[in-house]
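Keep in mind the model is a prediction, meaning the values are calculated, not measured. So you know, we letter chains A, B, ... as the sequences are listed, proteins then strands, and number each from 1.
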Amino acid sequence: MSLVFFNTLTRQKEEFVPIESGKVKMYTCGPTVYDYPHIGNYRTFLFEDLLRRYLKYKGFQVTQVMNLTDIDDKIIIGSQKKGISLDEYTAPYKKIFFEDLNTLNAEASEFYPEATKHIKEMVKIIKKLLGKKHAYEIEGSIYFKISTFPEYGKLSKMNLEELKVGTRVKADEYEKEQVSDFALWKAWDEKDGDIFWETEIGKGRPGWHIECSAMSMKYLGEYFDIHTGGVDNIFPHHENEIAQSQCATGKKFVNFWLHAEHLLVDNKRMAKRYGNFYTLRDLLDKGWYPMAIRYLLLSTYYRQQLNFTLEGLEAAKNSLQRIFDFSDQLETIEKEGKNPQAERLVISAKEKFEAGLDDDLNVSIGLAAIFDLIYEVNKLLRENQVSKTDAQLILNQMDSFDKVLGYLKKPEESLDDKAVQLVERREKARQDKDWQLADKIRKQLLEMGIILEDTSAGTKWKKKI
RNA sequence: GGCGGCUUAGCCAAGUGGUAAGGCAGAGGUCUGCAAAACCUUUAUUCUCCGGUUCGAAUCCGGAAGCCGCCUCCA
């Protein structure tokens, strides 16, 4: 079975073949560091994490670049309001972003380049574009001339002639030859205060799109495999990247464009301007388990809108609990021997999982494969038909699935002294058949977030997630 | 106005021509001191609606309704 991805460029599923055998170079549009990212942002970043992990699972050596946009209008306004420098303003948000990625168990990308540290690279491309007459300068600002790139609109399927020039397009803030031309370089203006770069192409700051072209080329080369982002990036951002990159290099820029659909909250798009967004911190503060959030954000096919609800998060948490309980139980098996059925179940789960993920990361199929395995093995467990060897085989397979999904493993837990004492006291009460006391202690522990289960192999505890 | 997507059980969701995966929640049961977990049984004669094609349609075609998105800040 071959790996296929839906390519926005062709609007079709295509077999993924890397440019260089065994290696994948991918650029993932990262955050603009001006605020706490919301969980919709993280849906996209986790989709990118899943993509990265699955490519690695398939044996590719992955080089991922995720940029940090640390210069744009919002950042300038924000920093000026606070009267601090750009760096002072963005530093905490960069930190928060990395902390959040860590909380959500996203693997680190190989590179996290920052726009402000790549002005030189951007200037170089802009100069090239000026030289090739793909760009022009007006009053110190430099614009990309769309009419010089016939392929413009190919990615977004937009017809520029039909673009409605309406309320959304501000009456020319900057003078441009054509409204749809976009800024590569914005000339310094008084509003910018001390935020500017003195460069060969003048005093000013970069437009938004140029950073991604400059940084992707620097770390991945002029032509690479995959470029991803949220669907809202298709136009204009990615369209513009293609235009400026291909005009600068004369080469094809990217083979596969993958876009994650948006997360909705209450069936509405979550956006900062709507004020209906949850940040990761909001959810953590309310006591939600981080891996349940990861589970939920990754539980649906990335090209489909996902409606976020707390009810859904609760369901995600419960699903996760079932998975954890399953692994916990396997770890306690001591039975000798080997049951060929276990191996058969593992193989069929693996095949189904891979078939699903191979098909444009259809994670629902992958999850079904895992739950099928859990169900079938639980049946065997009930009949005491699983040996320690079998259990290990199954656990290894779960680990392998977890390399891709990143939420199947329960973190190590321990009980504090007080809890340990309570568990012991209850055990004593049970031996004395003092059920009233035993039940009272069990309830007390539950209130402390500890769940007790009396099994034939003794009392087990787990933390409430 | 232009362009794109979606609509499957209480909720989430797979399924692109062969008779509805999986998860959560609910109900009854087995087990248990009681619970929990697990297992068993149960939960859509039906896939937004109306037509059509076909031996056969959630899947293809036509139409209608509803929802969401993009159209130069946006994951």
Side-chain angles (χ1 to χ4, degrees), chain A residues 8 11 28-32 34 37-48 72-74 153 156-166 168-170 179-183 207-209 228-237 239-240 259-264 267-273 295-296 299-301 303-307 309 311-323 325-326 328-329 352 356 362-372 374-375 377-383 430 433-436 438-439 442-443 446 451-456 459-460 462:
Chain A
T8 305
R11 308 284 157 131
T28 50
C29 275
T32 300
Y34 73 106
H38 56 60
I39 52 168
N41 296 120
Y42 287 117
R43 185 201 188 183
T44 299
F45 300 140
L46 289 180
F47 145 67
E48 288 155 355
D72 86 330
D73 290 354
K74 278 177 295 217
S156 58
K157 304 273 185 285
M158 294 265 229
N159 183 340
L160 282 179
E161 268 80 74
E162 288 172 4
L163 279 185
K164 189 183 170 194
V165 182
R168 295 290 304 277
V169 184
K170 276 188 212 154
V179 261
S180 44
D181 287 350
F182 59 90
W208 171 37
H209 315 292
T228 74
V231 284
D232 54 295
N233 280 154
I234 296 172
F235 188 87
H237 187 51
E239 195 72 72
N240 291 350
H259 292 97
E261 251 300 347
H262 279 142
L263 182 76
L264 306 178
N267 275 310
K268 259 186 91 172
R269 179 180 163 187
M270 175 159 61
K272 289 169 187 178
R273 65 178 172 195
Y295 180 104
L296 180 60
S299 62
T300 303
Y301 181 42
R303 293 190 55 238
Q304 185 158 38
Q305 287 174 341
L306 167 61
N307 188 25
T309 60
E311 191 191 8
L313 191 51
E314 178 73 25
K317 190 189 81 177
N318 292 337
S319 302
L320 212 52
Q321 185 63 258
R322 179 173 164 83
I323 295 167
D325 286 348
F326 175 69
D328 277 351
Q329 210 194 335
K352 183 171 176 178
N362 188 336
V363 82
S364 299
I365 299 289
L367 272 176
I370 291 171
F371 282 109
D372 286 347
I374 290 174
Y375 171 72
V377 171
N378 271 333
K379 278 205 286 195
L380 295 179
L381 282 167
R382 193 172 166 72
E383 305 297 323
R430 287 185 73 226
K433 298 208 187 301
D434 185 348
W435 307 122
Q436 229 181 356
D439 291 353
R442 182 168 63 192
K443 204 176 158 201
L446 184 63
I451 298 167
L452 292 188
E453 293 177 8
D454 300 323
T455 73
S456 54
T459 299
K460 295 200 303 194
K462 65 186 179 196

Both distances below 3.5 Å, Watson-Crick or wobble geometry, any strand: find the nucleotide opposite [N].
{"N": "B/A14", "result": "none"}
{"N": "B/G1", "result": "B/C71"}
{"N": "B/U7", "result": "B/A65"}

Would you kindly say whether A/N233 and A/H259 are connected by a side-chain donor-acceptor distance under 3.5 Å?
->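 Looking only at side-chain atoms, A/H259 and A/N233 do not form any donor-acceptor pair under 3.5 Å.
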
base_contact_polar (B/G33 base, A/D439 side chain, donor-acceptor, <3.5 Å) =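 Result: at least one qualifying N/O pair found.
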
Of the listed nucleotides B/C71, B/A38, B/A36, the one nearest the side chain of A/R322 =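 Of the options given, the side chain of A/R322 lies nearest B/A38.
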
Nearest-Å distance for atom pair [atom1]/[atom2], residues [X] and [N]:
{"X": "A/E311", "N": "B/A13", "atom1": "CD", "atom2": "C1'", "value": "14 Å"}
{"X": "A/K157", "N": "B/C71", "atom1": "NZ", "atom2": "C1'", "value": "15 Å"}
{"X": "A/H262", "N": "B/C71", "atom1": "NE2", "atom2": "C1'", "value": "14 Å"}
{"X": "A/N362", "N": "B/C12", "atom1": "CG", "atom2": "P", "value": "18 Å"}
{"X": "A/K460", "N": "B/U32", "atom1": "NZ", "atom2": "C1'", "value": "15 Å"}

Lys/Arg-Asp/Glu bridge criterion (N-O < 4.0 Å) met for A/D372, A/K352 | yes

What are the atom names and distances for every N/O pair under 3.5 Å that joins the protein to nucleotides 26-29 of chain B?
none

